[in-house]
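Notes for the one structure printed next.
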Amino acid sequence: MRTTTTGRAAPPRLLFLIVLISSAAAVAQAAAASPVLAQAALPGCPAKCGEVDVPYPFGIREGCSLNPLFLLECNTTFEPPELLWGNIHIQEISLEKGLARVTLFIGRDCYDQQGEKLNEGNMSTDVTGSPFSISADHNKFVATGCDTLAYYVASAADGYASGCASICRDEDSVTDGTCSGIGCCETAIPRGLQYFEADIRSYHNHTRVWGFNPCSYAFVVDKDRFTFFRANVSANYANKRVKLPAVFDWAIQDSSTTCENGMPRNRSSSACRSDNSGCRPSNDGRGYLCACSPGYQGNPYLSGGCQGIGSSILILLVITSWTYWGLQKRKMIKLKQRFYEQNGGFLLQQQISSHRGATFRIFTIGEIERATNNFDKNYILGHGGHGTVYKGTLDDQRAVAIKKSKMIDESQNREFAKEIFILSQINHRNVVKLLGCCLEVEVPILVYEFISNGTLFHHIHSRTHPCSSPIHVRLRIAAEAAEALSYLHSYASPPIIHGDVKSLNILLDHDYVAKVSDFGASTLVPKDKSQFATIVQVQGTCGYLDPEYLQTCLLTEKSDVYSFGVVLAEFLTGKKAIYSEGSEEERSLALSFVSAVRENKLSHIIDVQLLEQKGITPELRQVAELAMQCLCLKGDERPTMKEVAMVLHGLSMTENHPWVKYNPEERESLLGDPSIYYASDSTGQRSLANHTTLNIETGR
Ligand SMILES: *[C@@H]1O[C@H](CO)[C@@H](O)[C@H](O)[C@H]1NC(C)=O
Ligand SMILES: *[C@@H]1O[C@H](CO)[C@@H](O)[C@H](O)[C@H]1NC(C)=O
Ligand SMILES: *[C@@H]1O[C@H](CO)[C@@H](O)[C@H](O)[C@H]1NC(C)=O
Ligand SMILES: *[C@@H]1O[C@H](CO)[C@@H](O)[C@H](O)[C@H]1NC(C)=O
Ligand SMILES: *[C@@H]1O[C@H](CO)[C@@H](O)[C@H](O)[C@H]1NC(C)=O
Ligand SMILES: *[C@@H]1O[C@H](CO)[C@@H](O)[C@H](O)[C@H]1NC(C)=O
Ligand SMILES: *[C@@H]1O[C@H](CO)[C@@H](O)[C@H](O)[C@H]1NC(C)=O
């Protein structure tokens, strides 16, 4: 049965998956799009030269760059087109890192076998007047050769120079991967270098090593992209110009503003045009770079260039969670509908609408949750064998008792709804009114009128109000409860059987009027005997259970009568259905009551309070007799609830009207004779109705 649930829930789940996948795709797209976004050129300007992005502040057309310094050349005569600054080939520009990848010619110094110089050895790179400088962090100065002295002049004006020498006798001493003076030497370069000239010299015009090393080379190269190999020593590029990768820093050099604490001091004149952007010093320290604020991404040099990275992801998250919750909600609604249907909601709805003026209604789960403050623990009135009862306040401020049942057999749910409807139609002053139910949940929730003054159980067993239980009050309450049960046994066919009659289920309102509760709500009355047999778990309460029901599993009206007999015994003795006295083990009130009466020891077991009030009056004996009848082991021998109600009603009337005369002797003799009980127990022929008529007649 449960598997159908999963089956039905599958489509929304699938839908969710699809949404998730498509949103993931959107994320991927956004992620893929963001570098483009970050590299955006000025609107209307070419953003690429061939395959190379040209982000603003750079530009390849006049007016497309921040200033003429940032104007690059895109020479389309090459295939693919080349992005150039002067004769320097730019392969990539990174806005974020403030770097540019370039290629630079290597310097060479080659000789012939006689030691005659073949090529001009000097190599220079001059980017003065450009935003670029040679990155000190990413490059190194390298010279290769076995008769080599190379140095560079950093700037003609400063006269700064540094260099290295590499001498070796034979090729075998040169090792792959190491650049430490044998065949290869290297040195660092200073930051902010814009003019660079390498001077390569030899000690012996390569005459001693010419066989394997005719040339010396010197170059600035990207550290990460250069590894020295022995083969490089013997390479002869005498007739070839070779380029190697190098990295440039670039910076905005601006005399009108400086970058202070991440912000340009004069924003209006700064290159950081976008909102949510700031600045940082450039890598080479010659100027500053702009950057989007944390959480933003894009081109900070363009106005509106920085966009919240979060935003796309956030929007996505919102959409995703919306969808998710939407689906969950839909699922919930479907589930509610399913429960509603399963619980016979439509049937009930029909029945309600066909009974105009019915006070019964169907509550939504929302109303129930509001009424109980979402099933707040503090609102719990009590836990029953069948569920939990909460005190609730409806939207119209009416106090109600809300019963949340434990699981019941799913197959019974439809019957349950019908049953609920029958119960809702019952309008008896001694039955707790069922106001409605909620069917949108797995197990229906019932809403009852709220009865304020506790239960009969508390009334009998709490000793806080000693005078609260005079015999006539007890009798009236008992009579009312019996009337209610009698009414329900005869109201419908098949009869509505309470199944759990006990003092805890008889509530008292503010006038101490008895209200029988929990009617049929917990115990559903099966239609035929085959269904009786399927009751595996016996319901009811220990101490009140009909012994015949325990043996046959047949719940009948007489089961209620037996339980009511126990309630009467409680009335008379003030003891609980299962009680213990002193150190004695627990005893069944029903058993000890029956044996006490049989042994003519009623006074031993009777409530001291009642004894003190009037002693053992004939009425008391009569109630005891009634209880005995109810507690007969055989259901057939028990009186009907109607008979019980009649007797109790009569007794409560006489108790209330003491002028009614009795003949105490006669009664004493009749009730005092234990044989009556034995006779009635053994033969079962004596009916209570006969007794009652007899007694009442005797009384009159
Ligand atoms: C492109 O480069 C070639 C070869 O160096 C040169 O002749 C030509 O003038 C350049 N074109 C432009 C537009 O600068
Ligand atoms: C090579 O560099 C040295 C040192 O800077 C310089 O004296 C020399 O003139 C340069 N040679 C050429 C041909 O430029
Ligand atoms: C190297 O060559 C130069 C001329 O190119 C010459 O003057 C010099 O003597 C040579 N040195 C050696 C050690 O051969
Ligand atoms: C050095 O040798 C390796 C391996 O032969 C080669 O791939 C690389 O291009 C050479 N580098 C230079 C600068 O000649
Ligand atoms: C900020 O820049 C504007 C425009 O370049 C200039 O007029 C102004 O004097 C600058 N302010 C400061 C404090 O440098
Ligand atoms: C029950 O009702 C009586 C009389 O109205 C009142 O005195 C008593 O306090 C009530 N008890 C409870 C528990 O409400
Ligand atoms: C009442 O008792 C009489 C005999 O006294 C008997 O005939 C009659 O059947 C009894 N009534 C019932 C309802 O058992």
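Whatever order the structure lists ligands and atoms in, that order sets their numbers, starting from 1.
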Original post:
Under a strict 4.0 Å criterion on non-hydrogen atoms, which protein residues are in contact with ligand 1?
Top reply: E73, N75, T77, F78
Original post:
How about F196 and F132: are their ring centres within less than 6.0 Å of each other?
Top reply: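 No, they do not, as the ring centres are separated by 6.0 Å or more.
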Original post:
Can you tell me if the gamma sulfurs of C272 and C279 fall under 2.5 Å?
Top reply: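 Disulfide absent: SG-SG distance not under 2.5 Å.
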Original post:
Can you check whether S162 reaches Y152 side chain to side chain, under 4.5 Å on heavy atoms?
Top reply: yes
**OP:** For Y237, take its heavy atoms, then give the atoms of ligand 4 lying under 4.0 Å from any of them.
**Re:** 12 (C), 14 (O)
**OP:** Find all atoms of ligand 4 within a distance of less than 4.0 Å from any non-hydrogen atom belonging to A231, and give their numbers and elements.
**Re:** 5 (O)
With a 3.5 Å cut-off and sequence neighbours excluded, list the donor-acceptor pairs that the side chains of residues 75-85 form with protein atoms.
from: N75; atom 1: OD1; to: T77; atom 2: N; distance (Å): 2.9
from: N75; atom 1: OD1; to: T77; atom 2: OG1; distance (Å): 2.4

In residues 175-189, what donor-acceptor pairs under 3.5 Å come from side-chain atoms, sequence neighbours left out?
from: D176; atom 1: OD1; to: R230; atom 2: N; distance (Å): 2.6
from: T178; atom 1: OG1; to: T175; atom 2: O; distance (Å): 3.4
from: E186; atom 1: OE1; to: K140; atom 2: NZ; distance (Å): 2.8

Donor-acceptor pairs under 3.5 Å, side chain of residues 238-249 to any protein atom, not counting sequence neighbours: which ones?
from: D249; atom 1: OD1; to: N283; atom 2: ND2; distance (Å): 3.3

**OP:** Report the distance from atom OH of Y217 to atom CG of N236, rounding to the nearest 0.5 Å.
**Re:**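 One gets 5.0 Å once the value is rounded to the nearest 0.5 Å.
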